[in-house]
Each structure stands twice: as C-alpha cells, then as structure tokens.
Amino acid sequence: MEYNFKELEAKWQQEWQKQQTYQVKVDSSKPKFYVLDMFPYPSGAGLHVGHPLGYIASDIYSRYKRLCGFNVLHPMGYDAFGLPAEQYAIQTGQHPAVTTEQNVTRYRSQLDKIGFSYDWSREVRTCEPEYYKWTQWAFLEMFSHYYDNTLGKAEKIEKLIAHFAEKGTEGLNVACSEQLSFTAEEWNSWSEKKREEVLHNYRLAFRADTMVNWCPALGTVLANDEVKDGLSERGGHPVVQRKMKQWLLRVTAYAPRLLEGLDKLEWSESLKEIQRNWIGKSTGAQVFFDIEGSDKKLEIFTTRPDTIFGVTFMVIAPEHEWVKELTSSDAQNEVEAYLEATKKRSERERIAETKRVSGVFTGSYAINPFTGKRIPIYVSDYVLAGYGTGAIMAVPAHDSRDWAFAKHFGLEIIPVVEGGNVEEASYDAKEGKLINSDFINGLDVKVAIERMWDEIEARGLGKRKVNYRLRDAIFSRQRYWGEPFPIYYKDDVAYPLSLDALPLELPEVEKFTPTAEGEPPLARSEKWQTAEGYPYETSTMPGFAGSSAYYLRYMDPHNSEALVSSEANEYWRNVDLYVGGIEHATGHLIYSRFWNKFLYDLGYICEDEPFKKLVNQGMIQGRSNFVYRVVGTNKFVSLGLRKEYETQEIHVDVNIVKNDILDLDAFRAWRPDFADAEFILEDGKYVCGWAIEKMSKSMFNVVNPDYIVDNYGADTLRMYEMFLGPLEQSKPWDTNGIDGVHKFLRRFWSKFFDKAGNFVVTDEEPTPAELKTLHKTIKKVREDIENFSFNTSIAAFMICLNELGQCNKRAILEPFAVLLSPFTPHISEELWHLLGNEGSVCDAHYPEFNPDFLVENSFEYPVSFNGKMRFKKSLPLGISTEEIQALILADEQTLKYTEGKTPKKVIIVAGKIINIVL
RNA sequence: GCGGAGAUGGCGUAAUUGGUAGUCGCGCCAGACUUAGGAUCUGGUGGCGAGAGCCGUGUGGGUUCGAGUCCCACUCCCCGCACCA
C-alpha cells in the first residue's frame, strides 16, 4: 500500500478534533507539565516555514512528555492587538477586529495542517474583552500598589497613605520616581489633587512627565526596546526625544529581583546575559561635591571612588536641573547656545556623533572633598540625564570619555593608578596600584575602591549606591488597537474604574487616525466617558500588556471571576518549557517576569518566576535562487556557463526551483516577460545560483509550510525542520535535503506491507540483534529529546531502520511507531490503528529502554603503541586487569607491534587497555 | 570598546565527553530494474598518491602515550549592549 500522507493526515486531524484528543484537565493523579510557545501576532502574510520551527519542537516535547505519563498543558492563542492591523485599518478603513479575525482563521488552518497537539479549548486572544479584562485588572492592581524596598515586595497604596498621614516621608524605603521629603502636617494640609500627584511618585502604574521616544510618523510613544538605533522597530521611522505626560510601569522597583531571579532559571547563558546587560546593575557610590559660592552640593554617581584624587573637572548633562544656576553670567550666552544646539540634535544624530567631543564651561567650580581643590564644572551631552544623577566627576586619566574631553579642552590629566601612559590614552583597567592619592597610595584598585566607600560614608560625603540601567516602562500608546486604560479623569486627576466596571471595552470610532488636535483616536468617540461625563483615558496599552500574563490565563481561560483560579494555578504553577525567539529578550521576557512577580507579591499566583526553562529557536533564513539573463536578451544561462557571457542576476521564485534545477515551463509561466525565455543549459539542465538572505517576499524566497505539507505531508515537514540542525541555531531553509526524510518515512511505512500492499506484520519473536537495535534507538532517542537534540534523534531513527532490514515483527515495529510518534503523529497514529490498537497513539506508553538487550559478551577497545599504531581488540567482559595484560602480551597482533620487546607500560583505564608504551 | 556564542568533507551536520575524526542526510559516481527517470533498490564517496602510505577538525604554540575535545595566544564570522560614569 502506498504511503498516502494526504489522506491519512486529513483523516486523523479530523478524528483528533472530533474526539478532542488533546484536551487536558486538572488531574492531580498525574504530574503536570506545561509546554508553551510564544503566541504569534497574526499578520496578514500568514505563516512561513520559519514560524513552525519552535512550534514543532515544543509539540514533539509535549507529545513525548505525555507518552511518559505527564499531564501536559500545551495551549495556543494569538497576540492580537498590534500596530500592523491598525495601519492596515488606516489605509483601508477596515476595522482591525475584522482583519485580525481573518488572519487568525488563516493561521489556525495553517497550524492545524501541521498536526499540533494544542488544546484549542484554551485558546486566548488578547483583543477580546473577556481576555483584556484581566490585563486591565492587573493594571488597576499596579495602580493601587507601591513597592516597599525593605520588605522587598509590593504593598497596598493605602498603607503608604496611612504612613504619610502619620509620619510624612520619614522612615520610608520605597521605590519612587523622585526622592520626596515632606511631613505629616504638610501631607494632611494638601488638597486631594496635590496628594494624588504625590502618590503617582510611588504607584507601580503611574503617570509622569518623562522624556519619551516619540515617533512622529506613527503618532505614538515607544518603549526603549521598541527603538533600535534611533528608529522605530516597526517601520523604521525616526524617533525623537520629547517630554510628555505618559503612563508608566515601575519596572525598576523589581530590578534587583529580576536580576537575581535569572540565576535560578534554565535559560541559555546568552539570553540571561542580554537581560543582565539590559538591567545593567552597577555598584558604586553617590558623592556630594561642594559648589564654590553656594550652599548646594552637586551629587554624582561613580563606580570608581578610588580615582577621586584624579578628578580634574566635573560634567553635568544639558538637561540637568541646575544648569541655569551653575552658569555664571559670563558663560551664559555660550551655555545657552550649547543647550539650544543639543536640543536640536535627534537621538540618532547624537548616537552617530559619539566620537565628537562637545561641551562648554559653566563658569562655576566644585570643591574636591578629599583634596579641597577647585574643579571646573562643564556641561556636555556625553553625560546622560537619565542615568545616575546626570552629573559626573571626570577622571581623564582613567576614563576614555573623560580623557577625550580633557584633551579637547586642554584640561589637566593626573594619573592615580599605575599601569598606563596617560599622555597617549586613558588607563581604564581596574587593576594596578594607586599613586598620587594620599592615604590610599600603594593599595590595589579593588582594595582602594572598598576603602573609599568606607571613607566616603565615614566622612558623610555620600553613600554606597546601586544603579540600574533599566528604565520604567512607558505604558501608554496613542493608538486605537490596544487595551483601553480603566481610568477616567476628574479635574485632571486620574481615577481608577471599579473592578465590576471591567472590561472597559474599546469604543467604535469613525477613523483610526489621531484627531485634528493631535489627540489619540479614542478621542473621536463621543461616548468615551463615564456616565457622569468624566472623560476616559484616550491612550491604549502597548503590545506587551496583553502578552505579560497570557501563560496564566491558559491555565483557566474561561474563568470570569479571576485571571486564574488558585486551584488551576496551584496545579499548573508555571511554564516548564517555553519556546520562542530571542527577539523578546529585553521586551516581553522582562515585562512578563515583572508582571508575574507583582501578581506573586499580591498572592494571586504561587510561583515567582513564570518560565522555568526557555529554549530559543534559531531564525530560519531564506535560500534565494538566481537565474542569469544575458544582458540585453531574453536568454538565460545556466550557473556553470555564466562566465562566458555578460549576465544580470535575477531572483527567481524558489518554489519553481528544485535542488537548484529550474523548472523551465514553470519559469516561462511565472511572469509574462519570461514567457518566451530561451535557455542555455548545462547537461540538459538549468542550474540556478543561490544565496542565503532574509526570508522575504521581495527575494522570492518565502517558503510556505502549506506547500511542503501538500507535497510531502505534515510528518515530513515536522521531521525535516528538526533534521535541519540544532534547534537553537539559525540556519537557512533549504529544501534540498527534504527527500531524504520523506524517503525514510516511505520506507518505514513500507515495512508494514508486502509488494502487493497486504499488511504483513507478524507476531514472531524478535531476535537479540533486533532487540538490541530497538533498545539502542530507544535509549538514544529518549536522551536526545530530553536534550532538545532532535536532529540527532532523527539520525538514530534512520540508522535503526537500516539495521532492521527486512524485519516486520510487531514486537519491534510497534514500539518503533510509538517512539516516532512525537515527530510523526499522523503516520504513527495510522500504523497504531492498523496494528489493531484502540484510542490514540498519544495515550500509549513511550517505550522504555531496557539495558539488558544491550549487554555484550565482549568489548572492543582501541589499542595504540606509543600513541602511533592502533588496532581494535575484542576481549571477554569481566576479566581482571592482570588477565588483560597477559592476554595482550600473548597476542600475535600485539607481538607484531612490540617486535618481541616487553612493553614498558600498559595503560589501563576503567578496565580498558588504552595504550602500550614500548 | 564590553559581553555572549561559534569555526569539522562539495553542503547541512555527528563524534560514547580525552581514545580508530567524518554518524545521518543532501549532492556526486557506478550498477540493477526500466520505453523512460527528477521513481525505486544496491554499492562507493575527506584530500594527495599507481601503491604501501602520507596529510587532514580556522591559525600558531602547549599539556598528554593519545587532542575536534583541555590550556595559552591569534584570525575570522554571528549575536547582544554601547558616551551607563
């Protein structure tokens, strides 16, 4: 019988759907396992072969775990709010909900064709009110909590209010935007409006005037991780810095926990490192410098307090709040001109011109607290307002940026650490002995840093301090297609909606563009206000809002009382395996960890980290094909002959090329201008050139999984994507090898049938050799799946099939089919039933490895003489070292190599002769 | 500049973790069956050499009886961060 993948795949996909084979329930009699894919944004282009790579891997693992007796939660859904649908709506007037629905339908049919074992009854879509109700709910919880640094957790805002009413800010150690200081009397005397303003300084979801990344082309603000090199990640539009009132999430409150939590996670080192860099912890000290002729003290942050004797100037950021005060009247014009010039430069220009030194002297001086020296204060944009205090002590001898600045302005450079030549370059290394530094002379840098921290604190000049590079996440977007904020305004004060008013549903609007006044599209709706007529917030939430807790919702997707019930949460806990792209390293994967930790603090969930193990699948690149047109003609010359002509390289659709051989008729039919193309062939074929490029429409190298499924079947696609190489590695999509995998499946299938197509599996006892082959494969495949080494386990299957030869015994073939089923669910299901089994192959027990079948009577070991000549010897098992030595020395082959000499040394490791030294 | 990961036949990859480098697949070569082959099956296939053999895991050193694997230095490619004080 022929392997008719089309028929049997359709048959089983329908059957699985009918039987709801993959639905799971809480079952405390079984251990749970939660396997999650990063849910896709349903774009209009549909899936290409790169998308399913991770899905296939996680599906294999899910099926494997299920066969091993785990109750596996393996859900799927859609990250359905987003910019592309909205932009499409602006262009076409079609409601984003409509296009999103269409795209979701397309995605679903593509996913179904590949035979995934998702429990679709748990599907979530972030754009549905039943879902975003819980996004809004979490936001309100953040709004009504603050972060207590001493307790290390989020607390109710009422507790803070009570503290203010009783003691003001005294004794507070809480996360805030700005260090405020007020008394209980002051607090109690303030108006409600003033108090609300102050509370925003502490809330975990809060409103503030901040410098934001404003993208004029998109008409919205963007988070730091949505901006790359001064351009928007989506669309590549320029981004400028602007001060605006926005909603933010106080992610920075959780920075220490986000950092520490990484150590416990089974994530790749590179991904953890990306997050560590993004969080950017640096341990240093704040130091206050007196300002000459002022009672103010300039606060700076430094990680190198040991170099304080080498400070020869100070620099403050152009946005520093004291710039005006510190500017003397003589310097005023120059400073103002400088501020004006820096303001005009966009973020992009600023990045591009990092090498150019610029700045001006303010005319004021600070006093070095250790030397008493006068040091000039400069303004320069190489100091960033947003990091530390926006002011630095400059040590040109040991900081390359300060060095460049000092050279440019002819400032003094005093070396304080031995080791470099500060005339030529700064010596930035944190090693060497201190010089020119009074009481720390002779100390090693690391010792000196510790010593100075103590000294600074003892003299009351400042404190040790930890700074983070991580910024609070800007949480509002001036867009339509996102979650509305459950917030209304009264007298410009933001008030939360009550929980029973949720979800606050997106209103209909006529157009999806900003209003003429530049208000977000929601302002177009006249109904966008409370019953009392107070206006709702018109911004919507960003893309990461909906994806921050979706893994929790899958546990209990239809619960209308809670995000997730505690029963469901205590059973499923957190994600055991998360598979997805590395591009979310500094976005989604930070925000959802923050979100999770926050909900954990409030006691809604029982795990502090959302994703225990995370695997990043590599990117699938495109493999483009080229044809070579002889310039000025419609003749196309094959790759090997193109040197003889002057040719022009043209991308050709990879779907009409097979193994780099062009389908000539398909090519003529491809485009009208090639209809009468002529070809110069080599060996009767047209060979195309190729290159590895990004998979994109314009390169004609997009391979749609549907095409592979139609021509080879889903099982072949699944196996082939895994066979391509290690999962984590980026690799080009190359269909050239797909025949090998397809051939394997056909050969496997044909084992069950004779030439006439009769089912011929026998109940004969397997031979020891057959059992050995089977169990060797079981061992290898189990180990490889556990290690996510799917490509090598496929190789093991292929070897097994070759070794089995003509074997058609049930005792071998049935376990083989089950072993293979995570990779090839359809063919395995069909064979499982042909073998007379009921139910589904996914309820079978995964074959256990039995070491008894691998027992050998003898073992082989390599023998080398002086590390040169080698041969393989076979000896019986379980003999002593002395016996081995005796056998070796009496052996003819050995004597040949020793030429009758007695070896000086016989090296035996773990019972094996490793080498014989003459 | 800082940090991470990597480099093995014509190609994608593998190597019991220090023990005969090249598993599996593609491609290629030969053969079988065929009117035919872009189907199927069988065998071969790192390079050089007629041969015995020699050389081979980015480069150069080192440790070891023995190194793709461990150590040192370097080169190149990919990725992340980047005036972060």
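Letters A, B, ... mirror the listed sequences (proteins, then strands); counts begin at 1.
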**Message:** It should be established whether Asn802(A) places a side-chain nitrogen or oxygen under 4.0 Å from OP1 or OP2 of nucleotide G25(B).
**Reply:** yes
**Message:** Can you tell me the base-pairing partner of C28(B)? Count Watson-Crick or G-U wobble geometry only, both distances below 3.5 Å, and say none if there is no partner.
**Reply:** G44(B)
**Message:** With syn defined as a glycosidic angle within 90° of 0 and anti as the rest, where does U17(B) land?
**Reply:** syn
**Message:** Strictly below 4.0 Å: does Tyr382(A) bring a side-chain N or O up to OP1 or OP2 of A85(B)?
**Reply:** no
**Item:** d(CD, Glu728(A); P, G12(B)) in whole Å
**Value:** 19 Å
**Message:** By nearest heavy atom, map Gly740(A) and Leu724(A) onto RNA chain B; which one lands nearer the 5' end?
**Reply:** Leu724(A)
**Asked** Is the distance between the ring centroids of Phe313(A) and Phe409(A) under 6.0 Å?
**Response** no
**Message:** In this structure, is the centre-to-centre distance between the rings of Phe816(A) and Phe748(A) below 6.0 Å?
**Reply:** yes
**Complete:** Here the distance between atom P of C81(B) and atom CD of Glu269(A), to the nearest Å, is 17 Å
**Fill in**
Atom CG of Asn791(A) and atom P of C24(B) are separated, to the nearest Å, by 14 Å
**Request:** Quick one: label Arg746(A) by what it contacts on the DNA or RNA (base, sugar-phosphate, nothing), any heavy atom closer than 4.0 Å.
**Result:** sugar-phosphate
**Item:** Polar side chain donor-acceptor pair, Tyr387(A) to Ser282(A), under 3.5 angstrom
**Value:** yes
**Asked** In whole Å, what is the span from the NZ atom of Lys731(A) to the P atom of C78(B)?
**Response** 18 Å
**Asked** Does the gap between the ring centers of Phe405(A) and Tyr382(A) come in under 6.0 Å?
**Response** yes
**Asked** Looking across every strand, which nucleic acid part, if any, lies under 4.0 Å from Lys743(A) by heavy atom: base, sugar-phosphate, or nothing?
**Response** sugar-phosphate
**Request:** Between A85(B), A14(B), G25(B), spot the one nearest the side chain of Thr303(A), thanks.
**Result:** A85(B)
**Message:** Does the structure show a Watson-Crick or G-U wobble partner for C2(B), both distances under 3.5 Å? Name it, or say none.
**Reply:** G80(B)
